[in-house]
2 protein chains.
Amino acid sequence: MMNLTLKQLRYFEALIQHQHFGHAADASGISQPALSMQIKELEESLGVPLFERAARQVRLTRFGEDLAPRVREILRNVGEVEDMARLAQHNMSGRLRIGVIPTIAPYLLPTFIGHLTQNHPTLDVHIRETLTPRLIAELADGKIDTAIVALPVSEPAFEEVTIFEEDFVLVRPERDAARPVPSAADLQLMQLLLLEEGHCFRDQALSFCNIRSSLPREGLDGSSLTTLVQLVAAGLGVTLIPQMAVSVETRSAAVSVAQFPTPSPKRKIGMIWRKTSPLADQFHQIASIVETAAAGLRYPTL
Amino acid sequence: MMNLTLKQLRYFEALIQHQHFGHAADASGISQPALSMQIKELEESLGVPLFERAARQVRLTRFGEDLAPRVREILRNVGEVEDMARLAQHNMSGRLRIGVIPTIAPYLLPTFIGHLTQNHPTLDVHIRETLTPRLIAELADGKIDTAIVALPVSEPAFEEVTIFEEDFVLVRPERDAARPVPSAADLQLMQLLLLEEGHCFRDQALSFCNIRSSLPREGLDGSSLTTLVQLVAAGLGVTLIPQMAVSVETRSAAVSVAQFPTPSPKRKIGMIWRKTSPLADQFHQIASIVETAAAGLRYPTL
DNA sequence: TCAACTTGATAAGTTTGACTTATGATGAAT
DNA sequence: ATTCATCATAAGTCAAACTTATCAAGTTGA
């Protein structure tokens, strides 16, 4: 019954501009009868005449005058929507919600965020730091757009890309610096301090030592790598930390750092996102920015 | 290239509501593929995905979320335009600019405006009082919508409808009340006071008396009927006034009023408007309101 | 006063595109 | 593994928007 179209509104505005069916039609890129018909249709669907057709004059009716500013606003809004789309077509703009696990966030983010916002100032970055299982849930839920985690995650709904691999290094009290680097087997016999249950990094370290993760390990778990390193400095044991944490965590602690001989323990860092996400292209770009940022954190070979 | 349609925006909103192509299609009264295609078209013309189609979930993209409130506003505005149209369909609403000549306005308007706004409270009436030639120009120009004047106007571009006829009556000093009513020929010999040049009523009076209107008549012209009647009361001559002016103008003046025998002088009052005006229906209604109002002003037969 | 011109409406025919039903593809659930 | 749910694709139909050609009415100018 009342079926307005944007086309009709555009013709309406053109006719107001030109006050002449032929000229308005030219300006709209259609023939004069086409415009006449659309205007007529518009008037009929509104049930009110918009123009008074006099011999050599096309005049707006009162109602037409009332309508004109409304129509202009509608067309302006539509134009803005189109502008928004044009803007959004250029990738790397808009909100981007990134999840990061706690054993990466404190080391990677400062440089990473810097690179990211510097190269893409229109990007509105939100960071969520929590454990992998929760990141996975939030990703599936659409609460975040992507996550930087240790791979593999093996969720069939997610795409995974590897960004880089990094070794784990041994952290022991300063006084042990001269001792030979213990083997994985040796570590089983030492006081190995680890992150509390839930951190994937804990599981990765345990797996290197062939220790079953279900073992109760009272008093030997810390909630952050910082805590672990401080405990090591206090002589309570040894720990493993990822290479990217070395410079931050051992800067002011009385500990020594040692690399393991190959095959050294390592983890694979990568990005995941929903396979259905339309932002895949952006994510690949971001992965390469992460790679650059991480390269700057690599601890010089000992 | 970027050819949005309101239909697409409506489907977009429906899909946001239902988060489900099938349900949104049902709600929109179309088939699911039709909706899918329109959404796809919308996304392609914007160049940006709006929805993320996961297995059992349809989720807005970031851009879609940004777009949603804009789209809702556009649809709301369109709805308001439609509402305006529905309102305007009922006649007798909106602005109505009426021109009236000075020998009608002061007598007719008080009652007429009362009737009009009482019966049609949504009507926003503007009154323009000036001489016929200017009313004609303003009507042709679209500055007023209709005019109440003495007919005929004989403009080919205008429609004319007669509303009523009214007699002219003789006004003379009170002391002459008992004298016989003079004939048109007698009037030529009397001091006939008339409105100044330009008033159609002047010409009508002169024509009754068979006096050439081009005659210079120094000192005998007044700018309003009120003035003329006061001059008559002062004994400076006699005058003619239209019947509708009698009760107002002679209420507190020392004059007597006399009707002419048939064929009495009279004028035809009517409405005129542009033949192209879409408001013709309204004008006929208004004409009948004028008629009612004028009937109340008719001077009781002497 | 009449012929030529302007200009918007109407007519006829063509093309575009929006819709339908039927079917395919993919991931989820039992 | 099969069935189900759900969105995309395909093929065909029909309505509507556009085109050109023509009409009708009013204006202009000799």
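Excluded from the calculations below are hydrogen atoms, water molecules and symmetry mates; all remaining heavy atoms, backbone and side chain alike, are included.
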Criterion side-chain hydrogen bond (donor to acceptor under 3.5 Å, both in side chains) against B/Ser36, the qualifying member of B/Gln38, B/Lys40, B/Gln32 |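 Among B/Gln38, B/Lys40, B/Gln32, the one meeting side-chain hydrogen bond (donor to acceptor under 3.5 Å, both in side chains) with B/Ser36 is B/Gln32.
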
Under 3.5 Å, is there a donor-acceptor pair between the [X] and [Y] side chains?
{"X": "B/Ser45", "Y": "B/Glu41", "answer": "no"}
{"X": "A/Glu65", "Y": "A/Thr61", "answer": "no"}
{"X": "B/Thr103", "Y": "B/Arg267", "answer": "yes"}

Just call it for A/Gln8: base, sugar-phosphate, or nothing, with non-hydrogen atoms closer than 4.0 Å on any strand.
->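 Counting heavy atoms under 4.0 Å across all strands, no contact is made by A/Gln8.
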
Which part of the nucleic acid, if any, lies within reach of B/Tyr11 when heavy atoms closer than 4.0 Å are counted: base, sugar-phosphate only, or nothing?
-> sugar-phosphate

With a 4.0 Å cutoff (strictly under), does any side-chain N or O of [X] reach OP1 or OP2 of [N]?
{"X": "A/Ser31", "N": "D/dT19", "answer": "yes"}
{"X": "A/His23", "N": "C/dT7", "answer": "no"}
{"X": "A/His20", "N": "C/dT6", "answer": "no"}
{"X": "B/Lys7", "N": "C/dG17", "answer": "no"}

Over how many whole Å does the gap from [X] atom [atom1] to [N] atom [atom2] extend?
{"X": "B/Arg59", "N": "D/dT6", "atom1": "CZ", "atom2": "C1'", "value": "15 Å"}
{"X": "B/Glu52", "N": "D/dC7", "atom1": "CD", "atom2": "P", "value": "14 Å"}
{"X": "A/Leu6", "N": "D/dA17", "atom1": "CG", "atom2": "C1'", "value": "15 Å"}
{"X": "A/Gln19", "N": "C/dT7", "atom1": "CD", "atom2": "P", "value": "13 Å"}
{"X": "B/Asp26", "N": "D/dT6", "atom1": "CG", "atom2": "C1'", "value": "13 Å"}
{"X": "A/Arg274", "N": "C/dG27", "atom1": "CZ", "atom2": "C1'", "value": "16 Å"}
{"X": "B/Leu42", "N": "D/dA8", "atom1": "CG", "atom2": "P", "value": "13 Å"}
{"X": "A/Glu44", "N": "C/dA9", "atom1": "CD", "atom2": "P", "value": "11 Å"}

Taking for each residue the nucleotide of DNA chain D with the nearest heavy atom, is it A/Glu41 or B/Ala157 whose nucleotide lies nearer the 5' end?
-> A/Glu41

When you measure from the side chain of A/Phe21, which nucleotide among C/dA18, C/dA9, C/dT20 comes out closest?
->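 Side chain of A/Phe21 sits closest to C/dA9.
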
Shortest side-chain distance from B/Arg53, nucleotide among C/dC19, C/dG8, D/dA8 =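 Per side-chain heavy atoms of B/Arg53, the pick is D/dA8.
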
Determine whether A/Leu15 and A/Tyr11 make a side-chain contact, defined as any pair of heavy atoms from C-beta on separated by less than 4.5 Å.
-> no

Qualifying salt bridge (Lys or Arg N to Asp or Glu O under 4.0 Å) pairs with a residue from residues 145-154 of chain A, counting only residues at least two apart or across chains =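 Of all non-adjacent pairs touching residues 145-154 of chain A, those that pass salt bridge (Lys or Arg N to Asp or Glu O under 4.0 Å) are A/Arg97-A/Asp145.
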
Among pairs that include at least one residue of residues 13-34 of chain B, which meet salt bridge (Lys or Arg N to Asp or Glu O under 4.0 Å), considering only residues two or more places apart or in two chains?
->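 Qualifying pairs: B/Glu13-B/Arg72.
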
Nearest-nucleotide 5' precedence on DNA chain C, B/Gly29 against A/Pro156 = B/Gly29

Within residues 32-40 of chain A, those residues having any heavy atom closer than 4.0 Å to DNA chain C are A/Gln32, A/Pro33, A/Ser36, A/Lys40

Is the number of heavy atoms from other residues, nucleotides or ligands within 6.0 Å of CZ (A/Arg134) greater than 12?
-> no

